[in-house]
Amino acid sequence: MSKFKIEIQITLLSVFIGVVVVASGYFAYQSLSEIVTLIHREAVPNNRLFIIKNLAADLATLENNARLYILTDESEDLQPYNETRQKINSTLETLQNLPTESMEETLFSDSVCSLANSKTQLWQQILILHQSAKGIDPGFTEIYSKLDEVKLDTIKTETPKKGFFRKIFGTKKVDVDTTIVERTPDKEEILQEIQTLENEIKLKGDEINTLESQLIEKNLVLVQKINKLIAEADQKENNKLLSKTGEADRLAEITYQRLKAFSIAAVLLLLLALFVLFNYQRKSRKYQLALKKAKLQAEDLAAAKEKFAANVTHELRTPVNAIFGLTEQLHQMSLDKNAKEMVSVLSKSATHLKSVVNDTLDFTKMQSGKLKLENTDFSPAEVFNEIVTIQKPEAQKRNNNLVFEWLGEKPEALLGDPMRLKQILINLIGNAIKFTQNGEIKLEVSCKTVINRYHFYIAVSDSGVGISKENLKIIFDEYVQAENTKGVKNEGTGLGLSIVKKLVDLHKGKIQIESEPGKGTTIKVEIAYPPGNPENISKTKPEKTEVPEYLKQLTYLIADDTDYNRFTIKGLLKNWGARYLEATNGKEAVDLAIQNSPDIVLMDLRMPEKNGIEAAMEILNKKPGTTIIAVSASGEEKDLKTSLNAGMAGFLLKPFSENELIETLISKKKEILLPPKNQKLKINPEEMKRLANGDEAFFKEMIQLFITSGEKGLQTIEEALQNKNTGTIRETAHKLAAPCKHLQAENLYQNIKSLEKLALEKSEPKKLEPVFRLVKSELEEIIVLLKNYLGEMPNK
Ligand code: ADP
């Protein structure tokens with residue numbers, strides 16, 4: 001949980017910040033949209049008020065038009081008045097049809113309409129009044145003119161009808177009173193009448209003027225009323241606007257407050273998030289530093305451990321080498337029964353000790369990734385049979401039956417590391433034996449080809465104590481030993497299975513374990529190998545390597561500062577009847593080698609005064625061609641490489657067996673040994689004879705063929721050496737090897753094989769040449785022998 005603490009904290013904070021941001025954003029948006037709506041609404045002008053204001057302006061225009069007309073009395077000036085009036089009528093109609101939202105609005109509209117109507121009517125009356133006043137004047141003038149010019153029969157007077165309203169709303173037509181006048185009227189009378197009429201007219205004119213003034217006053221009142229109404233409406237509109245602005249202000253204030261709160265909250269949360277992050281970073285930096293330090297310490301520790309393990313194994317190997325070697329020698333002595341038993345215990349312990357040391361060293365190498373698999377041709381049948389043969393007596397000791405079964409394909413040769421396969425099998429079968437009593441141990445092998453590779457399915461099963469479920473999970477871990485039923489740890493290091501697992505992994509294979517407590521265990525391993533070359537496998541490998549005669553006749557220099565190491569090797573060489581010299585440090589080794597020219601130097605690498613490498617280089621410098629074999633308890637690859645680079649011919653890992661020493665001396669290493677002095681050349685043509693099936697002529701032919709092909713082969717190799725053509729050398733050596741085997745010329749065969757191997761490895765001519773010289777001298781000697789042999793043969 002604590003692993004995710006920081007992630008949870010950050011996630012929660014982010015979610016919280018997110019919620020706050022979204023909520024604040026939402027509220028701010030809401031407030032802003034309210035403000036926008038308000039502004040929108042206010043942006044729409046009050047249409048009614050606008051129309052009314054226009055109406056008021058039109059009414060003013062109407063008044064002006066009317067006044068103009070009254071002033072000018074021009075009929076064309078009546079036109080604008082009429083147009084304005086029409087416009088006012090249509091505006092009034094629009095205003096009345098305008099939908100209202102409140103009673104107040106309706107009242108306002110109605111009042112304005114009624115006032116406007118009153119005003120238009122008022123001006124209409126004024127105009128009529130004006131026109132009526134204009135109409136009296138011409139009639140009156142007419143009477144005057146008639147009176148002056150002719151004797152009138154009749155006097156027509158136009159008199160306005162009685163009643164004020166008739167005068168205002170009546171048509172222009174004026175009632176004409178006709179007075180019959182005597183053709184000779186009394187002028188005075190007429191004049192009197194006219195005077196009366198004039199007075200009457202004047203009276204009427206005054207009356208009209210009064211009326212007009214009254215109407216104009218009324219107009220003023222109307223204008224005032226309209227203006228007042230408009231002013232009131234304006235005021236209301238302004239008030240409304242003010243209240244809306246106040247509301248928008250209030251909303252803006254709320255929005256501002258919200259945004260402020262949001263910003264503060266967001267900043268605080270961000271600060272918190274930053275704090276958490278920085279804190280985490282600071283801590284993680286601290287952890288990283290601690291981790292780095294711990295890693296460095298661990299690496300130092302691992303290096304120290306590796307060095308320590310290498311030193312310890314070196315220290316262990318030396319005495320183990322002595323015990324092992326001496327026990328082997330003791331075994332070969334004739335001892336009484338008691339001593340034999342003791343030696344047998346000693347041998348068993350030495351073998352166990354050797355395997356523990358080897359396990360530990362292997363494990364250390366594997367852990368540091370230094371263990372490499374070899375790639376040699378080997379026979380799987382030989383490996384399985386050897387293991388079963390070795391383990392059978394062990395199984396029998398615990399009254400177990402060891403069964404071996406092989407199904408499927410049986411390839412003759414594989415390319416791989418037989419030693420490591422053996423190690424896997426020994427560990428698995430060894431464990432099966434160790435944890436089974438009076439039961440059965442089965443090694444089941446099946447093989448099939450999958451895309452050019454032989455897949456081996458190996459199962460080692462036993463009917464022993466089994467392993468509990470919990471232990472099964474950790475069984476491949478290093479140093480793990482499951483306790484037995486009595487709670488007692490078993491004998492061993494607890495490294496066996498983890499070495500097996502690592503070896504299987506190194507082979508890119510698979511391993512699987514099944515077990516049931518009390519019933520037994522099965523471990524299955526799958527490993528694939530490419531096919532090998534059967535010709536490269538020496539089939540006549542004896543169980544115990546015979547010491548070749550020539551090895552017995554060589555002179556050895558044993559250079560080792562440890563007494564019992566020298567003692568062990570000395571014991572072996574004594575048995576062979578070989579001569580030997582001893583050096584206890586590097587300097588002594590160089591001196592003795594120069595003075596005595598030994599054939600073989602067995603050189604320990606860690607020695608006082610001068611180490612093995614320095615000593616070897618000095619010897620090779622002063623006595624080139626000396627065969628020096630490095631002997632070391634270190635399994636380090638770099639030691640092997642340095643030794644070979646220093647010009648040494650081979651490498652022997654302590655503790656080594658007699659067989660290992662012999663094999664190293666005769667074949668395994670980079671240079672061949674010098675020819676033994678005075679060694680009698682051995683050939684046995686009988687095998688060839690057998691091949692010829694008793695046909696002597698054919699046998700002779702075969703020998704003849706051997707001689708010619710031998711001579712030709714030597715010539716070809718010599719030329720190829722000059723041309724540095726290792727391919728031809730390898731091919732020719734390979735062709736020469738088989739006939740040598742048939743003649744049982746074992747030495748020559750081994751040397752030719754070494755030459756072939758060196759050529760295969762594309763070795764330098766300086767390494768190939770000494771071997772070739774040896775092959776040449778041996779082969780030439782054999783050819784001479786064979787020629788003699790042919791000459792001695794009866795001619796049929
Ligand atoms: P070692 O044998 O040296 O103790 P291994 O790694 O080979 O170490 O084995 C580890 C442990 O696994 C053993 O101690 C044993 O408890 C258990 N074990 C291994 N193989 C078997 C088996 N065939 N039957 C029962 N237990 C086994």
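Put simply, the side chain of Glu63 reaches to within 4.5 Å of the side chain of Arg67, judged on heavy atoms. Considering only heavy atoms from C-beta on, Leu59 stays 4.5 Å or farther from Leu115 through its side chain. Contact check for Lys283 versus Tyr280: no side-chain heavy atoms found under the 4.5 Å cut-off. Side-chain atoms of Leu229 and Ile52, non-hydrogen and from C-beta on, never get closer than 4.5 Å to each other. At a threshold of 4.5 Å between non-hydrogen side-chain atoms, the residues Asn54 and Thr91 do not count as touching. For the pair Ile511/Ile424, no side-chain contact is recorded, criterion being any heavy-atom separation below 4.5 Å from C-beta on. Contact annotation: the side chain of Tyr457 never approaches that of Lys510 to less than 4.5 Å [non-hydrogen atoms, C-beta and beyond]. Looking at heavy atoms from C-beta onward, Val223 lies in side-chain contact with Asn227 at the 4.5 angstrom threshold.
Shown here for Thr522 and Ala459, the closest heavy-atom pair between the two residues is CG2-CB, 4.4 Å. Between Gly466 and Thr521, the closest heavy-atom pair is CA-OG1, 3.4 Å. For the pair Leu55 and Ala116, the tightest heavy-atom approach, listed with the atom from each and the gap, is CD2-CB, 4.0 Å. Closest heavy-atom contact between Ser468 and Pro517: CA-CG, 3.7 Å. The shortest heavy-atom contact between Tyr529 and Asp417 is CE2-N, 4.4 Å. Between Arg453 and Pro530, the shortest heavy-atom distance links the atoms NH1-CD, 4.1 Å.
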List the steps and the verdict of side chain to side chain donor-acceptor pair (under 3.5 Å) for Gln125 and Gln121. CA-CA 6 Å; Gln125 280 172 14; Gln121 281 166 13; 5.8 Å; no
Test log, rule salt bridge (Lys or Arg N to Asp or Glu O under 4.0 Å), inputs Lys236 and Glu232: CA-CA 6 Å; Lys236 266 186 199 157; Glu232 272 172 14; 5.6 Å; no
Stepwise, does the side chain to side chain donor-acceptor pair (under 3.5 Å) test hold for Arg282 with Asn279? CA-CA 5 Å; Arg282 191 176 49 80; Asn279 203 27; 2.5 Å; yes
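Around the CG atom of Asn452, the shell of radius 6.0 Å holds no more than 12 heavy atoms that belong to other residues, nucleotides or ligands. Taking a 6.0 Å sphere around CD of Glu104, one finds it holds 12 or fewer heavy atoms contributed by other residues, nucleotides or ligands. When the shell of 6.0 Å around CD of Glu514 is examined, it contains more than 12 heavy atoms from other residues, nucleotides or ligands.
Atom CZ of residue Arg85 and atom CD1 of residue Ile88 lie 8.5 Å apart, to the nearest 0.5 angstrom. Of the inter-residue distances, the one linking Tyr69 atom OH with Glu74 atom CD reads 9.5 Å to the nearest 0.5 angstrom. Between the NZ atom in Lys295 and the CG atom in Leu301 there is a gap of 14.5 Å [rounded to 0.5 Å]. Interatomic distance, Ile475 CD1 to Ile467 CD1, rounded to the nearest 0.5 Å: 4.0 Å. With rounding to the nearest 0.5 Å, the separation of NZ in Lys218 from CG in Leu222 is 7.5 Å. To the nearest 0.5 Å, atoms CG (Asn238) and OG (Ser243) are separated by 11.0 Å.
Between Lys501 and the choices Ile499, Asp505, Val504, Leu503, the side-chain contact (heavy atoms from CB on, under 4.5 Å) rule is met once, by Asp505.
Between the Asn65 side chain and the Pro80 main chain, a donor and an acceptor come within less than 3.5 Å of each other.
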